[in-house]
Protein chains: 2
Amino acid sequence: MQVGADRLAAKLNSFVQLTEQELDCLTRLQSRPSSVKVGHALVQEGQTGHKAFILQAGWACSFKIMRDGSRQIIGFPIPGDCIGLRSVLLRTSDHSFAALTEATVSGVDASRMMAIFTEFPRLAAAILWAASREEAMVVEHLVNIGRRNALERTANFFLELGERLRLVGMASDTAYACPLNQYVLADALGLSAIHVNRVLRQLRERGLMTLKGGQVVIHDVAALERLGGFEQQDHMDRV
Amino acid sequence: MQVGADRLAAKLNSFVQLTEQELDCLTRLQSRPSSVKVGHALVQEGQTGHKAFILQAGWACSFKIMRDGSRQIIGFPIPGDCIGLRSVLLRTSDHSFAALTEATVSGVDASRMMAIFTEFPRLAAAILWAASREEAMVVEHLVNIGRRNALERTANFFLELGERLRLVGMASDTAYACPLNQYVLADALGLSAIHVNRVLRQLRERGLMTLKGGQVVIHDVAALERLGGFEQQDHMDRV
DNA sequence: CGACGCTTTGACACAACTCAACAACCGTGG
DNA sequence: CCACGGTTGTTGAGTTGTGTCAAAGCGTCG
């Protein structure tokens, strides 16, 4: 498998230039890609099987269900991202994953994963780096929910998402496909679905952005960034 | 330095039994502990120096300042926790750290940290494990803010904090020292300081818990756990 | 004593939630 | 082809939770 065919290899390769051997190891680490149906769970909270996946295509989300039935979505892995990496290290997974669209994933064997640490330390560092980026995203999400009102929060969310998608070539500067409905958005943003609707309307009426038919179009990037308190990320974090 | 003297070693040792050599490596990794004054920043957001610290004693918090001056507190590292581990991997730190009480920390040299990956892979795995636990805490925090109201959120927060403190012997089953004032709590919980006050009063009047003079006393553990939607963590996550 | 940091309280405003109903869309099957 | 049900989006009215502003109480420290 060459770089490019495997999303994980492509991502890690942007951190440290990987050798032939390391690329080969990554290939062997992953099982043959398999397809997942919409709504199907990948990892269940509390599950103790040490399974992790790499999302190769499609959309998914990680979330936690509360006792009252409501849920909080933690994040939306996009192609190249790890799913359930933590459940390999911590014995039980602390949250669940589900596919939001038809998706393809490749499984990662936990024991082989641990073996990497002894055989390919540079690869291990790269994985820690990827995990760090993921954690940084959760932190951003936390700040967004904790300290911004519904309008700012939503604006920030779509900018952040667009930024990530652009890095993997799934978005242009002002538009991208986004299959998230208002219920999903509500659970991600810590709002009610109805309020999400009102917020989207306001964003539309203000001429900032539109979400329609699974397509996000940003009409006024500058104004949206101002509203969402968005700051261009620095991606020069190669060691 | 024996296990016990060094908080980090003590923590990692609970994940994998560390060898003499590994313990020795951890000791050499850390600089001589130094003391930090209240309110003093350890890591500034955007700072590019690859510095990390291990908190050995005292209280600190990690936070992000918004453009409008408000702040969101991400978490409260307690002794044994890493501070700014991510700023070693991602080149710039994405948030800041400050001491909340007189604290002592030992610095960690970034280049030596990277060297661990090649020399002591088991140690690297242990560090990744510690980072995973930290991320799990952020996720809990996110869920708490996103999907619980002020009362439940506060209840959950103090239970969670107590749980962590108990693991390092800084809390009994029903009480612990907690130097966080209402402004700090507000910034952590995504509330206003005034509302935190109201919530604390309600918790007190309902006979659930009291925060007074830097001391948390839980009067009715069961009821508080029910209110906060708190579930006992599983700590059997040793590999 | 006054100054300061932190807590407490009340009155009011506003953001976000809930409930209820309806409209648009889309695939399915008659 | 149209009727249908299910899903998703839209809107309004009323309620509740939380923020804001203003002021006072309290303890500590200089």
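Computation of the quantities below employed the complete heavy-atom set of this structure, encompassing side-chain atoms and omitting hydrogens, waters and symmetry-equivalent molecules. Per chain, numbering begins at 1; letters A, B, ... match sequence-line order.
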#### Entry: Side-chain donor/acceptor of B:Asp81 to backbone N/O of B:Ile78, under 3.5 Å
yes
### Task
Rounded to the nearest angstrom, tell me the gap between atom CG in A:Leu191 and atom P in C:dT18.
11 Å
### Query
Within the distance-only criterion (no hydrogens, no angle test), does the side chain of B:Thr210 pair as donor or acceptor with the backbone N or O of B:Lys212 below 3.5 angstrom?
no
#### Entry: Residues touching DNA chain C, which here means a heavy atom under 4.0 Å, drawn from residues 194-220 of chain A
A:Ile194, A:His195, A:Arg198
### Task
Please report, rounded to the nearest Å, how far the P atom of C:dC17 is from the CZ atom of B:Arg148.
16 Å
### Query
Quick one: ring-ring contact (aromatic ring centres under 6.0 Å, His included) pairs with a partner in residues 140-178 of chain A, sequence neighbours left out?
A:Phe76-A:Phe157
### Query
Looking only at heavy atoms, what is the nearest atom pair of B:Val36 and B:Ala99, with distance?
CG1-CB, 3.9 Å
### Task
Using atom types as modelled and distance alone, determine if a side-chain donor or acceptor of B:Arg206 lies under 3.5 Å from a backbone N or O of B:Leu224.
no
### Message
Using heavy-atom distances to pick each residue's nearest nucleotide on DNA chain D, tell me which of A:Leu180 and B:Asn149 is more 5'.
### Response
A:Leu180
### Task
Round to a whole Å and report the spacing from CD of A:Gln182 to C1' of C:dC25.
13 Å
### Message
Checking the side chain of B:Thr101 only, and the main-chain atoms of B:Trp59 only, is there a donor and an acceptor separated by less than 3.5 Å?
### Response
yes
### Query
When the distance from CG of A:Leu189 to P of C:dA15 is rounded to whole Å, what number comes out?
18 Å
### Message
Quick one: does any side-chain atom of B:Arg204 pair with a main-chain N or O of B:Leu211 as donor and acceptor, under 3.5 Å?
### Response
no
### Task
Please list, in 5' to 3' order, the outermost nucleotides of DNA chain D lying under 4.0 Å from any heavy atom of chain A.
D:dT8 to D:dA13
### Query
A:Gln72 side chain to B:Asn144 main-chain N or O, any donor-acceptor pair under 3.5 Å?
no
